[in-house]
2 protein chains.
Amino acid sequence: MLNANRLHRPELTAPLAGGDRKLDALTAPNPRAFPAGGTIVEQGTEHGFVYRLRTGWAGRVRALPDGRAQYLMVFLPGDLFAIKSAFVAAHPDAVVALSDVTVERLEQQRLREAFQTDPEIALRCTWQIVEEERRLHNWVVSLGQGSAEERIAHVLLEFSLRLGPAQGTSRSLEYGMPLTQDQLGNVLGLTSVHVNRVLRRLREDGLVSIRNRVVAIHDPEALERLAEPLRDATLKAKARPELAVG
Amino acid sequence: MLNANRLHRPELTAPLAGGDRKLDALTAPNPRAFPAGGTIVEQGTEHGFVYRLRTGWAGRVRALPDGRAQYLMVFLPGDLFAIKSAFVAAHPDAVVALSDVTVERLEQQRLREAFQTDPEIALRCTWQIVEEERRLHNWVVSLGQGSAEERIAHVLLEFSLRLGPAQGTSRSLEYGMPLTQDQLGNVLGLTSVHVNRVLRRLREDGLVSIRNRVVAIHDPEALERLAEPLRDATLKAKARPELAVG
DNA sequence: CGCCGACTTGAGAAATATCAATCTTCGTGG
DNA sequence: CCACGAAGATTGATATTTCTCAAGTCGGCG
């Protein structure tokens with residue numbers, strides 16, 4: 001059975017972990033595997049499933065008609081996606097595998113029923129939706145106001161926080177990160193060349209380095225100082241969304 | 001009583017309009033007025049209300065510790081906001097009045113009850129949440145990939161579309177728009193100086209002009225051609241979110 | 001009248017993109 | 001085990017976009 005640790009979810013405190021475990025019961029027996037670069041959910045299709053990422057990284061990406069591309073969300077193990085499709089029509093953007101991944105599928109119909117009868121399930125799903133909005137808000141702030149340096153510092157720290165418990169610490173100072181610099185550019189709204197140059201500067205300044213798909217944070221304080229302006233207040237206050245009592 | 005037309009919501013087809021009317025019954029008797037620049041919802045506070053914007057423009061804005069600011073959402077008449085606070089803990093960002101506004105307040109408690117018993121209410125609220133995410137996705141694409149010109153063209157067209165029915169056409173070629181160039185910059189992630197220069201170019205090229213808080217679109221086709229790469233597929237397909245049957 | 005906020009414009013600086021070569025790594029077939 | 005090829009990373013030179021700073025200008029309003 002999956003648990004919060006295996007799912008790498010620092011935020012999943014007890015009630016969320018409970019909901020997460022209960023999702024197992026709704027999960028189709030055999031997880032599906034996709035190779036890096038594969039398309040997990042096609043653009044604009046309707047489909048009867050909600051997904052939970054079991055291993056690997058995935059991302060929602062929008063392809064512009066002229067060839068540009070922009071990632072709209074990065075999913076790490078434990079994240080639910082296409083969750084809103086359980087409640088509304090399909091999303092217009094594809095979800096692709098950023099590394100080799102395995103995903104679990106949940107039938108929309110059964111999830112909807114469980115959502116209405118089981119508060120823990122409802123909390124787990126609601127948390128995902130709210131968390132996703134929080135990330136989008138931060139993303140807008142990052143793209144709108146952050147310099148390349150700030151954006152990169154911020155995103156590397158965010159991944160670190162989200163992966164934290166996987167390494168048994170509250171923050172991973174070293175973690176696997178499958179994105180190419182090109183993909184990182186499409187996450188951050190920068191060209192891969194510029195991502196590369198900024199990463200070099202950060203490496204030369206001893207803040208952080210990426211080698212072999214592994215991020216190593218050498219000076220967490222300095223990196224946080226850099227990303228500080230983009231840091232969202234929710235994290236500072238350690239606030240957690242709580243289900244309002246109906 | 002409010003109706004879809006007065007609320008300026010092109011998207012509110014019958015079932016949404018029905019939910020909208022039903023919200024009237026949940027609305028506190030006296031709408032509140034705020035002057036331009038006023039704070040409707042303070043940053044980080046808990047409050048027992050959901051709001052519906054009746055007249056004027058408002059925006060959710062994040063202030064960075066170093067003085068920068070970034071808007072996360074622009075609300076037009078008819079929009080519900082702080083809606084998620086009915087289901088989860090408070091949002092960390094303030095909502096401010098971009099013009100003189102009047103807002104209606106809805107008690108969270110009563111809205112939650114109505115949400116669970118009335119499908120039209122549920123649809124109306126769900127639509128708002130999904131719509132907000134759609135806008136955020138487009139915003140990320142715009143900030144991440146759009147040039148200043150594209151972003152400005154795109155946002156002016158978006159406002160036009162959202163206000164459309166107010167002028168009795170499907171698209172307003174002329175509409176009031178209370179944002180200063182400074183605020184527009186904080187929406188688009190640009191400085192007001194640059195916003196100004198780009199607007200001048202667009203004006204000189206005969207695409208669009210802003211005078212006296214009024215946007216006049218002189219060449220809709222050319223403006224759309226400019227914004228085309230940022231246009232979201234949902235609009236092209238005229239897809240509308242539909243409540244899945246539980 | 002005179003001030004204040006918003007808009008406008010200019011000059012120059014900084015950030016980021018573009019184009020074009022390498023260089024490295026790594027898997028794969030011979 | 002090696003050669004090769006492809007994809008990603010790195011770097012340089014240059015162009016473009018956007019910002020910064022500074023100085024007006026314009027229009028409404030007390």
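Values below: all heavy atoms of this structure, side chains included; hydrogens, waters and symmetry mates excluded. Within every chain, numbering begins at 1; the chains are lettered A, B, ... in the order of the sequence lines, protein sequences first and strands thereafter. These numbers were taken from a predicted model, which means no experiment stands behind them.
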Atom CZ of B/R68 with >12 non-hydrogen neighbours under 6.0 angstrom: yes
Looking across every strand, which nucleic acid part, if any, lies under 4.0 Å from A/R211 by heavy atom: base, sugar-phosphate, or nothing? nothing
If the threshold is 4.0 Å, N to carboxylate O, is there a salt bridge linking B/D93 and B/R62? yes
Measure from NE2 on B/H194 to P on D/dC21 and round the result to the nearest Å. 17 Å
Just N and O in the side chain of A/R203: are any of them under 4.0 Å from OP1 or OP2 of D/dT10? yes
Of residues 145-155 of chain B, the positions that come close to DNA chain D - non-hydrogen atoms, cut-off under 4.0 Å: B/S147, B/A148
Taking the side chain as every heavy atom from C-beta outward, state whether A/V50 and A/S85 have any pair of such atoms under 4.5 Å apart. yes
For B/Q181 and B/N196, test the side chains for any donor-to-acceptor distance below 3.5 angstrom and give the result as yes or no. yes
Give the residues of residues 182-191 of chain B touching DNA chain D, defined as any heavy atom closer than 4.0 Å, sorted by residue number. B/G189, B/L190, B/T191
Any salt bridge between A/R197 and A/E149, counting N to O under 4.0 Å? no
Check the distance between D/dA7's C1' and A/N196's CG and give it to me in whole angstrom. 14 Å
Can a side chain N or O of A/R201 be found less than 4.0 Å away from OP1 or OP2 on D/dT10? no
Are B/R225 and B/E228 within salt-bridge range, i.e. N to O under 4.0 Å? no
When rounded to whole Å, the CG to P distance for the pair A/L199 and D/dT11 reads 11 Å
Quick one: do A/E131 and A/R134 make a salt bridge, cutoff under 4.0 Å? yes
Under 4.0 Å from a heavy atom of chain B: give me the 5'-most and 3'-most nucleotides of DNA chain C that qualify. C/dA6 to C/dA11
Rounded to the nearest 0.5 Å, how far does CG of B/L64 lie from CD of A/Q145? 6.0 Å
So what does B/R197 hit on the nucleic acid, given a heavy-atom distance under 4.0 Å: a base, only sugar-phosphate, or nothing? base
Hey, can you tell me if A/F159 and A/W57 have their rings parallel, tilted or perpendicular (30° and 60° cut-offs)? perpendicular
Would you compute the distance between atom CG of B/L190 and atom CG of B/D182 and round it to the nearest 0.5 angstrom? 11.5 Å
Distance in angstrom units between B/R213 CZ and D/dG28 P, rounded: 12 Å
Output the rounded distance in Å from CE (A/M177) to C1' (D/dA9). 13 Å
Rounded to the nearest 0.5 Å, how far apart are CZ of A/R151 and CD of A/E158? 14.5 Å
